[in-house]
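Report on one structure; see the data block that follows.
Every heavy atom of this structure was used, including side-chain atoms; hydrogens, water molecules and symmetry mates were not.
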Amino acid sequence: MRSMDYDDIIDGMMSNNIPEIALAVGGILAVLIAILYIKSRDSFKYKLMMLIGAVFGAVMAVIAFNTYGIWAVTTSIIMAVSAFTLIIRPFRDVHFALLIALMVMVVVYLLLGGLAGTKLEIISEGWPRAGLAFFCGAMVYMMLHMIEAIVKIAGKVMNAWPVLLILGLVCIAEAVMVFAGYGSVYDWMRSFASDNAAFFAWAR
């Protein structure tokens, strides 16, 4: 029996409607998170749902990446945006730039210690060693801080509960449309507008 290759796995996912199910589940999680946030943002249920959403968001991101080009672009975008929104929610206030910069400082400091006994021994101890480690950490922090700021702004906008609620409902609607063979919600709306163009023109 031959082993399954990448194409077989993707075909199996598509034939078993795994992407549509993931999109629907992601939408349901987004709606539940929004509702729990409104009811009690400090409750254990809300925090647990956020954690589940982050884990499932990572799953959605993998599926969105692997099904890109198979689905309509609109569907892939909806899944990717939903995945990002679910993943970033528990980490909106975590300063990753600072944590990574501190880690870089420690690693550089340790690596410089290995230069003892070489021509670069001057930077392997004392203030030169600490100063260079701090400089490397500061450079990494400055580069990552801007990226972190952009990601956090996008995350806060997408995670505002009205946006999250609407996004969840869109995900569920998109999953139903794709499963039923109607294509994307965007395609259905465009078709509906085209079919009823005469009515809209009369109404104006």
Under the side-chain contact (heavy atoms from CB on, under 4.5 Å) test, residues paired with [X] that sit two or more places apart:
X    : value
K47  : none
A130 : Y109
V25  : I21, L29, F56
M139 : F135, M142

**Study point:** Set of ring pair (Phe, Tyr, Trp, His ring centres under 6.0 Å) partners for Y46, sequence neighbours left out
**Key:**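 Once residues adjacent in sequence are excluded, the partners of Y46 under the ring pair (Phe, Tyr, Trp, His ring centres under 6.0 Å) criterion are Y37.
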**Study point:** Partners passing ring pair (Phe, Tyr, Trp, His ring centres under 6.0 Å) against Y141 (at least two apart in sequence or in another chain)
**Key:**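 Y141 satisfies ring pair (Phe, Tyr, Trp, His ring centres under 6.0 Å) with H145 once adjacent residues are dropped.
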When the side chains of residues 168-179 are checked against the rest of the protein, which donor-acceptor pairs come out under 3.5 Å, sequence neighbours left out?
unit_1 : atom_1 : unit_2 : atom_2 : d
E174   : OE1    : S184   : OG     : 3.3
E174   : OE1    : V185   : N      : 2.9
E174   : OE2    : T75    : OG1    : 2.6
E174   : OE2    : S184   : OG     : 2.9

So which residues get pulled into [X]'s cluster when ILVMFWY side chains under 4.5 Å apart are joined, directly or through others?
X    : answer
I87  : none
L51  : none
L110 : V106
M146 : I150

Exercise for review: Drop me the distance from L36's CG to M49's CE, to the nearest 0.5 angstrom.
Suggested key: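 If I round to the nearest 0.5 Å, the distance is 5.5 Å.
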Check your understanding: Once you round to the nearest 0.5 Å, how far does CE of M60 lie from CE of M79?
Key ->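 Reported value, rounded in 0.5 Å steps: 4.5 Å.
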Check your understanding: side chain to side chain donor-acceptor pair (under 3.5 Å) with T85: which residues, sequence neighbours excluded?
Key ->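 Not a single residue meets the side chain to side chain donor-acceptor pair (under 3.5 Å) criterion with T85.
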